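Counting starts at 1 for both ligands and their atoms, following the listed order. Treat the numbers as computed from the prediction; the structure is a model and nothing was measured.
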Amino acid sequence: MATLLPQDLLARLEARYAVKAFDPARKIPNATWEALETALQLTPSSYGLQPWKFFVIQDAALREKLRAASFNQRQVTECSHFVVFTHTPEVLESDVDHFLDSLSEARKIPREKLSGYRKVILGDLEGPRRPFLTEWTRHQCYIALGNFMTSCALVGVDTCPMEGLVPTRFDEILGIETSRFRTVVACAAGYRSPDDKTASMAKVRYPKNELFDRR
Ligand SMILES: Cc1cc2nc3c(=O)[nH]c(=O)nc-3n(C[C@H](O)[C@H](O)[C@H](O)COP(=O)(O)O)c2cc1C
């Protein structure tokens with residue numbers, strides 16, 4: 001498998017920036033989008049529980065409503081694909097069983113051999129992690145967001161991660177208030193407009209000696 005040279009990786013990451021103006025006429029090709037959905041599917045999560053659902057919004061009327069619930073940020077309607085990352089604030093015993101069923105099937109492990117692991121996971125979720133479960137599953141969405149943005153950058157797709165939105169309004173607009181899922185964050189994906197002045201602005205990052213403590 002070909003690997004990226006370090007300088008090519010950095011060139012991709014340097015080229016990534018939070019896009020303010022997308023070119024509404026440019027759509028992500030289907031094959032690229034399918035790969036990006038697979039990249040999202042491949043996102044790692046704690047224990048592998050995948051406590052999320054990714055809503056991909058193409059409908060123009062829905063996008064208009066979501067834009068109104070995002071402080072009128074134009075990226076919502078102008079990007080090619082708009083993704084809303086939602087989490088399950090609760091993790092149920094049935095979620096753990098769903099995961100163990102998939103694990104058993106994917107790795108051909110008899111289900112009964114996973115009972116020890118089941119105990120470990122449930123012991124954690126019902127024990128020390130119990131008070132933080134909601135925050136914990138919310139955090140998983142940020143792993144997916146980071147993975148998605150980097151994957152996009154590697155295939156030349158531009159993004160804008162978006163927390164500037166009202167999650168409860170998003171839940172209403174998406175009609176998920178009665179489901180198990182709740183909005184955490186969103187990401188617009190597509191191609192930058194040539195008029196986006198942000199593209200040429202210098203990156204603002206602290207020096208490495210402030211960021212790293214190597215021992
Ligand atoms: C979780 C998250 C939420 C963000 N929310 C918004 C947003 O709502 N609107 C926006 O224009 N930029 C948003 N940004 C972009 C950041 O301001 C931007 O990533 C940061 O200033 C660094 O700049 P760069 O990404 O262009 O390198 C968000 C970034 C992150 C990581």
Side-chain angles (χ1 to χ4, degrees), residues 4 6-24 26 28 36 39-40 43-46 50-57 62-89 132 134-174 176 181-212:
L4 275 181
Q7 63 266 32
D8 293 335
L9 169 68
L10 293 183
R12 286 281 168 205
L13 295 180
E14 295 270 4
R16 188 213 59 77
Y17 74 102
V19 172
K20 304 295 172 209
F22 283 93
D23 179 348
R26 284 192 70 193
I28 300 170
L36 290 171
L40 270 174
T43 299
S45 55
S46 295
Q50 308 159 68
W52 50 44
K53 195 183 277 282
F54 311 114
F55 289 81
V56 181
I57 315 297
L62 254 185
R63 291 252 205 122
E64 283 296 343
K65 288 184 191 160
L66 293 174
R67 175 171 170 166
S70 310
F71 307 97
N72 199 30
Q73 295 194 72
R74 55 192 285 203
Q75 298 95 316
V76 180
T77 50
E78 291 181 349
C79 68
S80 167
H81 288 63
F82 187 68
V83 186
V84 182
F85 295 72
T86 72
H87 75 133
T88 55
F132 313 108
T134 297
E135 273 315 291
W136 185 61
T137 58
R138 275 175 57 78
H139 293 160
Q140 310 294 319
C141 281
Y142 286 90
I143 302 170
L145 173 68
N147 184 39
F148 180 67
M149 288 195 295
T150 301
S151 301
C152 285
L154 293 179
V155 295
V157 169
D158 294 315
T159 52
C160 183
M162 298 180 68
E163 268 182 331
L165 53 84
V166 184
T168 49
R169 286 284 300 126
F170 263 51
D171 293 344
E172 282 165 26
I173 294 163
L174 297 174
I176 58 172
F181 297 96
R182 294 291 177 272
T183 299
V184 175
V185 67
C187 192
Y191 299 97
R192 63 190 72 180
S193 156
D195 306 328
D196 189 359
K197 294 186 182 64
T198 330
S200 56
M201 289 180 184
K203 283 254 170 264
V204 183
R205 295 296 190 269
Y206 299 130
K208 283 188 179 168
N209 62 8
E210 238 180 85
L211 298 177
F212 296 90

Centroid-centroid under 6.0 Å between Phe22 and Tyr191 rings: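 Ring centres of Tyr191 and Phe22 not closer than 6.0 Å.
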[Y] backbone acceptor or donor facing [X] side chain under 3.5 Å:
{"X": "Asn147", "Y": "Ala39", "answer": "yes"}
{"X": "Gln75", "Y": "Val19", "answer": "yes"}
{"X": "Thr137", "Y": "Thr134", "answer": "yes"}
{"X": "Thr86", "Y": "Lys53", "answer": "yes"}

Give me the residue, atom name and distance of the protein heavy atom closest to [atom].
{"atom": "atom 9 (N) of ligand 1", "answer": "Gln73 OE1, 2.7 Å"}
{"atom": "atom 23 (O) of ligand 1", "answer": "Arg205 NH1, 3.9 Å"}
{"atom": "atom 5 (N) of ligand 1", "answer": "Glu163 N, 2.9 Å"}
{"atom": "atom 29 (C) of ligand 1", "answer": "Pro161 CG, 3.3 Å"}
{"atom": "atom 8 (O) of ligand 1", "answer": "Gly164 N, 2.9 Å"}
{"atom": "atom 15 (C) of ligand 1", "answer": "Ala18 CB, 3.5 Å"}
{"atom": "atom 27 (O) of ligand 1", "answer": "Lys203 NZ, 2.5 Å"}
{"atom": "atom 25 (O) of ligand 1", "answer": "Arg16 NH2, 2.9 Å"}

Heavy-atom distance under 4.5 Å between the side chains of [X] and [Y], does that happen here?
{"X": "Cys187", "Y": "Met149", "answer": "yes"}
{"X": "Arg16", "Y": "Lys203", "answer": "yes"}
{"X": "Arg63", "Y": "Arg67", "answer": "no"}
{"X": "Phe85", "Y": "Leu40", "answer": "yes"}

Within ligand 1, which atoms have a heavy atom of [X] less than 4.0 Å away?
{"X": "Tyr17", "result": "26 (O)"}
{"X": "Cys160", "result": "10 (C), 11 (O), 12 (N)"}
{"X": "Gln75", "result": "11 (O)"}

Taking 4.0 Å as the limit for heavy-atom contacts, which would you say applies to Met149 with ligand 1: side chain only, backbone only, both, or neither?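 Contact part for Met149 vs ligand 1: neither.
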Please work out, at 4.0 Å between heavy atoms, whether the side chain, the backbone, both, or neither of Ser70 comes within that distance of ligand 1.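 Near ligand 1, Ser70 shows nothing, with every heavy atom at 4.0 Å or more.
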Nearest to atom 10 (C) of ligand 1 by heavy atom, Met162, Glu14, Lys20: which?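 The nearest heavy atom belongs to Lys20.
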Can you confirm whether some protein heavy atom lies under 4.0 Å from atom 17 (O) of ligand 1, or whether none does?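 Flag for atom 17 (O) of ligand 1 set to false, no protein heavy atom closer than 4.0 Å.
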Can you find a protein heavy atom closer to atom 13 (C) of ligand 1 than 4.0 Å?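 Within 4.0 Å: yes, protein heavy atom nearby.
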Tell me, with the steps shown, if Leu165 and Val84 meet side-chain contact (heavy atoms from CB on, under 4.5 Å). CA-CA 11 Å; Leu165 53 84; Val84 182; over 6 Å; no
Got an N/O contact under 3.5 Å between Leu145 and ligand 1?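 N/O-N/O distance below 3.5 Å does not exist for this pair.
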Measuring from atom CD1 of Ile57 to atom OG1 of Thr77, what distance do you get when rounded to the nearest 0.5 angstrom?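 Here the rounded value is 13.5 Å.
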